> 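Okay, handing you the structure first.
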Number of protein chains: 2
Amino acid sequence: MNRAMAMFWRQGYQATSIAELLQTMDIGRSSFYAAFKDKRSFFIECLDLWAERTLDLIQRSRAQMPPVDALQSFFERGFVAASGAKGNWGCMLVNTVLEMAGVDDALADHASRHLDQLQALFGDCLTDAGAEPVRAQELAAMLMLFNEGIRVSSRRRVSQIHHRQSIATTFRLVRSSLS
Amino acid sequence: MNRAMAMFWRQGYQATSIAELLQTMDIGRSSFYAAFKDKRSFFIECLDLWAERTLDLIQRSRAQMPPVDALQSFFERGFVAASGAKGNWGCMLVNTVLEMAGVDDALADHASRHLDQLQALFGDCLTDAGAEPVRAQELAAMLMLFNEGIRVSSRRRVSQIHHRQSIATTFRLVRSSLS
DNA sequence: TGGGTTTTGTACCAATTGGTGCGGAATGAT
DNA sequence: ATCATTCCGCACCAATTGGTACAAAACCCA
């Protein structure tokens, strides 16, 4: 299932056929439809799994370091770990929103709600760091905008160094805004 | 052709079938294949048209107002004009990059190069506004990141007001950085 | 009006899509 | 070993995909 999720992550929903999925999961057609209802339902499961892992990633970091550091490490990890030689696939939630909006709005909304959760978690980290609730919400919204932007940019052929720099300057701004 | 472009813009490449295109263009199948080589080639034409119009939009604004105002009006127009009751379709270039990356990399690169042009134009406006070349490039890159982010965000159900606010604060930052 | 060229409507094609059903193989308990 | 049950490979299906062939129609200049 991890492989299937990665496939959806990289290629999106429409461009991934069931045949491809079966091959990478190394199971038969019957087994697939026995375990999952639909291609669509299965995609949602993968989407949820992806979101869950992403939230967990931040939560775990938060237990080990100051909250703002945890946030920053989240952005940096997304650009180092996920982008090997194989290239970066961006954020599955962002990808899904842009692919399905105007095609399957329910699906796009589902991904969008996950992004809301992520933004809420950003806010939590910022209040933890001592920001006032209102200000934390503002900053979280800004970080989400930054996230969406950099995830798009990461699917282009822009140099990694440049992204790192953007992250650095953004978080310098965030930190200065908190002190 | 405008209608066809709008269709691709809203639904993306894969989700738009030839049959739908023919219907909205109100032409027959033969006429289509006589005028355009492929679905893919036709999509590229639409993409180029969209990019051309976007660049023109900025250029025209630049002839009528200070360069930074022109940039700001570009962002604001994208959110008022394009987003009627029918909703906002974001930026066709950004949409294409995210849809086709990992599926048809050549197509994604094509859209990405258009974004490079757009970013270059951002840079021109900023140098016009008196920024030093290096600084202008930095700011242009930041604006492109902002553009990518807000175009994603605009396809979610986030309130318009919020976007306007983001634009305002971003440009306040840009202006203060220029003075 | 006539003949030749372009345009266009439509039937048709092979390939692929997501999804179902069946028959046999593996499994496990007695 | 036997039986029942679960599992799975594979054939099959209808629908849709992008693309082509071909003939009829519209057009234009003489």
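To find a chain, count down the sequence lines: A is the first, B the second, and so on, and within it residues start at 1. Note that this is a predicted model, so its numbers are computed, not measured.
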> Mind calculating the distance between CD (B:Q23) and P (D:dT17) to the nearest angstrom?
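About 12 Å, once rounded to whole Å.
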> May I ask you to decide if the ring planes of A:F75 and A:F122 are parallel, tilted or perpendicular, using 30° and 60° as cut-offs?
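Taking A:F122 first and then A:F75, their aromatic rings sit tilted (interplane angle of 30° to 60°).
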> Picking from C:dT17, D:dG19, D:dT17, which would you name as closest to the side chain of B:Y33?
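My answer, after comparing the listed nucleotides, is D:dG19.
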> Separation of A:Y13 atom OH from C:dT17 atom C1', in whole Å?
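Between C1' of C:dT17 and OH of A:Y13: 11 Å.
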> Could you state the CD1-P distance from B:I18 to D:dA15, rounded to the nearest angstrom?
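Atom-to-atom, B:I18 to D:dA15, this comes out as 22 Å.
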> Would you please classify the geometry between the B:F42 ring and the B:F8 ring as parallel, tilted or perpendicular, with 30° and 60° separating the classes?
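If you compare the ring of B:F8 with that of B:F42, the planes turn out tilted.
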> For A:K39 and D:dT16, give me the distance from atom NZ to atom C1', rounded to whole Å.
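Interatomic distance, NZ of A:K39 to C1' of D:dT16: 13 Å.
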> Is there a donor in the side chain of B:N88 and an acceptor in the side chain of B:R10, or the other way round, less than 3.5 Å apart?
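Short answer, no.
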> If I take atom CG in residue A:L21 and atom C1' in nucleotide C:dT17, what distance separates them, rounded to the nearest angstrom?
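These atoms are roughly 13 Å apart.
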> Only one of A:D48, A:T96, A:D104, A:D105 passes side-chain hydrogen bond (donor to acceptor under 3.5 Å, both in side chains) with A:H110; say which it is.
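Per the side-chain hydrogen bond (donor to acceptor under 3.5 Å, both in side chains) rule, the option paired with A:H110 is A:D48, out of A:D48, A:T96, A:D104, A:D105.
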> Below 3.5 Å is the cut-off: list the nitrogen or oxygen pairs between protein and nucleotides 7-10 of chain C, distance only.
residue, atom, partner, partner atom, Å
C:dG9, OP2, B:G28, N, 3.1
C:dG9, N7, B:S30, OG, 3.0
C:dG9, O6, B:S30, OG, 2.4
C:dT10, O4, B:S30, OG, 2.9

> Atom CG of B:L22 to atom P of D:dT17: distance rounded to whole Å?
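B:L22 atom CG is separated from D:dT17 atom P by 11 Å.
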> Expressed as a whole number of angstroms, how long is the span from B:E20:CD to D:dT16:P?
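Between P of D:dT16 and CD of B:E20: 12 Å.
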> Distance check needed: D:dT20 P versus B:D38 CG, whole Å only.
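Taking CG of B:D38 and P of D:dT20, I get 8 Å after rounding.
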> How would you list, by chain and number, every residue that makes a salt bridge (charged side-chain N to carboxylate O under 4.0 Å, His left out) with A:R62, sequence neighbours excluded?
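For A:R62 the salt bridge (charged side-chain N to carboxylate O under 4.0 Å, His left out) partners, ignoring immediate neighbours, are A:D128.
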> Side chains of A:H163 and A:S154: any donor to acceptor distance under 3.5 Å?
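Side-chain D/A pair, A:S154 to A:H163: absent.
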